[in-house]
Protein chains: 2
Amino acid sequence: MLSHKARYAIRAVLYMAAEGDESKHFSVDRLAETLELPRAFLAKALQELARKGFISSLKGPNGGFYLTRVQRRRTFKELIVAIDGESLFEGCMLGLPECDTSQPCPIHASVAVMRQSLEYQFGLHTIEALAQTLRHSSMRI
Amino acid sequence: MLSHKARYAIRAVLYMAAEGDESKHFSVDRLAETLELPRAFLAKALQELARKGFISSLKGPNGGFYLTRVQRRRTFKELIVAIDGESLFEGCMLGLPECDTSQPCPIHASVAVMRQSLEYQFGLHTIEALAQTLRHSSMRI
DNA sequence: CGAAATAAAGACAAAGAAATCCTTTTTATT
DNA sequence: AATAAAAAGGATTTCTTTGTCTTTATTTCG
Ligand code: FES
Ligand code: FES
C-alpha cells in the first residue's frame, strides 16, 4: 500500500507539522530517535522531499527540517504521490496497460469506487489539517 | 497495492473461471501465452494457490489448472489475502504496531473509510460473480 | 511398457527496495 | 579562523520480489 520510505517520511512530516513551526527545526537525528525510524534511510526520504519542495531544510547548527505555512497547505495525497508515485490513485490494479471505462478489467468498477473514497479522504485533507487533529487529540505518530 | 504475483494469479484465476469449467483445464503454458505473463513465475503463483485450495490442478496430458464450483464461491478478498496477506485490509498504514480506534494514527479514520469501501467491494464479490461480468461484457483480462 | 504432457519442486539470477556507512558541503558559534 | 552541527551526496550492503532454469513426480495414451 505505502512503501516504507513513504511511511517514514509521512510520519516525520506530520510530526514536524504538529510540533514545530517555521522557526523550530528538527534534525534527522532527533526525528529518527523520537519516531524510532532508521536514521540514514529517513534522511534520504526527507532530503528527497526537500528537493521536491514539500519541506524546507537548513544546514548547520540549529538547522534541520521544517515546514513553512505554504508547505502545510499541500494535501496528503500530494505528499504520497511525491514519494510513491500515482500508482495508488491511477493505473489498472491488475496491471493492464490502460485503465479506463471503455475497456475496463473485471475489478475496474470496484477499484474506481475505492479510489473515489481515497481521493476524497486524502485529496481534501491538507497536511496542516492532519497536524491539527494530531495536536488536539492524543494520537500516536 | 497488489504485488505482481497477485495480479498475475488473479488474472489467470478470473480467466479460468470465465472460460472454463471443472472439466476444461488450462496448462500454465497456455495461460501464460494468452495473458502474456512470465510463464515460470505464473506457475509458482498458481501452484501456491493450488496448495492453498483456491484452485485445483491435475498432472499429465489434458491436465492443468481449473476451478471447482465450490472454489468459485470464494470472495475476491479471500483470493487477494491468500497471496498478498492482509496488509491491504488490516494494520496501520503508517506502520504503527497497532491499528485501532483507541490510539489511532492521524490517518486512521480516512483509512477506515477507504477500507470499508474495499471490504464492501472485494469482500462481497465472489470469483464467480466477477467471472460472470467478464463473460457477459467484453472486458479485457 | 514407453513416450509425452503436465504440475511440482528446488536452485539460482536479476532487479528493486530498504538500510548503512562514509565523505563533502554549508552554516552558526566561539 | 577553528570548531561543531547539521544537511547533502555517494558507495555499498542486505533483503525481498521477480523471474528463469533444471529436475522430478504424476498421469494419460498408444
Ligand atoms: S482497468 Fe483495471 S482497474 Fe481500471
Ligand atoms: S492506526 Fe494507523 S491506520 Fe489505523
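The sequence lines fix the lettering, A, B, ..., with proteins before strands; numbering per chain opens at 1.
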Mind checking if A:Leu46 touches a base, just sugar-phosphate, or nothing, with heavy atoms under 4.0 Å? nothing

Looking at side-chain heavy atoms only, is the closest gap between A:Phe122 and B:Ser110 below 4.5 Å? yes

Whole Å only: how far is the CZ atom of B:Arg39 from the P atom of C:dT6? 10 Å

Minimum-distance nucleotide (side-chain atoms of A:Ser57 versus D:dA8, C:dA8, D:dT18): D:dA8

Regarding A:Ser27 and A:Asp29, do their side chains bring together a donor and an acceptor under 3.5 Å, going by distance alone? no

Quick check: on DNA chain C, is the nucleotide nearest B:Gly64 upstream (toward 5') of the one nearest A:Lys59, or the reverse? Name the residue that is more 5'. B:Gly64

For C:dA19, does OP1 or OP2 lie under 4.0 Å from any side-chain N or O of A:His4? yes

Phosphate OP1/OP2 of C:dA9: any B:Arg51 side-chain N/O under 4.0 Å: yes

Of the listed D:dA6, D:dA8, C:dA19, the closest approach to the A:Phe41 side chain comes from C:dA19

Distance test, side-chain N/O of B:Tyr8 to OP1/OP2 of D:dG19, below 4.0 Å: yes

Atom CD1 of A:Ile83 to atom C1' of C:dA17: distance rounded to whole Å? 14 Å

Could you report the tightest heavy-atom contact between B:Arg72 and B:Met16, atom names first, then the distance? NH2-O, 4.0 Å

Any donor-acceptor pair under 3.5 Å from A:Thr133 side chain to A:Leu130 backbone: yes

Rounded to whole Å, the CD-P distance (B:Glu48 to C:dA9) equals 11 Å

B:Gln47 side chain: which of D:dT18, C:dA9, D:dA7 is closest? C:dA9

How many Å lie between CG on A:Leu42 and C1' on D:dA7, as a whole number? 12 Å

Checking contacts here: which listed nucleotide (D:dT18, D:dA7, D:dA5) is nearest the side-chain heavy atoms of A:Phe65? D:dA7

Of the candidate nucleotides D:dA5, D:dG9, C:dG10, which contains the atom at the shortest distance from the side chain of B:Lys44? C:dG10

Given D:dC29, D:dA7, C:dA18, identify the nucleotide with an atom nearest to the side chain of B:Asn62. D:dC29

Rounded to the nearest Å, what distance is computed from the CG atom of residue A:Asp29 to the C1' atom of nucleotide D:dA4? 13 Å

Could you state the atom-to-atom distance from CG of A:Leu49 to P of D:dA8 in whole Å? 11 Å

To the nearest Å, give me how far apart CG (A:Leu37) and C1' (C:dT20) are. 15 Å

D:dA6 P sits how many Å from A:Ile55 CD1, rounded? 16 Å

Closest heavy-atom pair, A:Leu2 versus A:Ile10, reported as atoms and distance to 0.1 Å, is CD1-CD1, 4.0 Å

OP1, OP2 of D:dA7 versus side-chain N and O of A:Ser27: anything below 4.0 Å? no

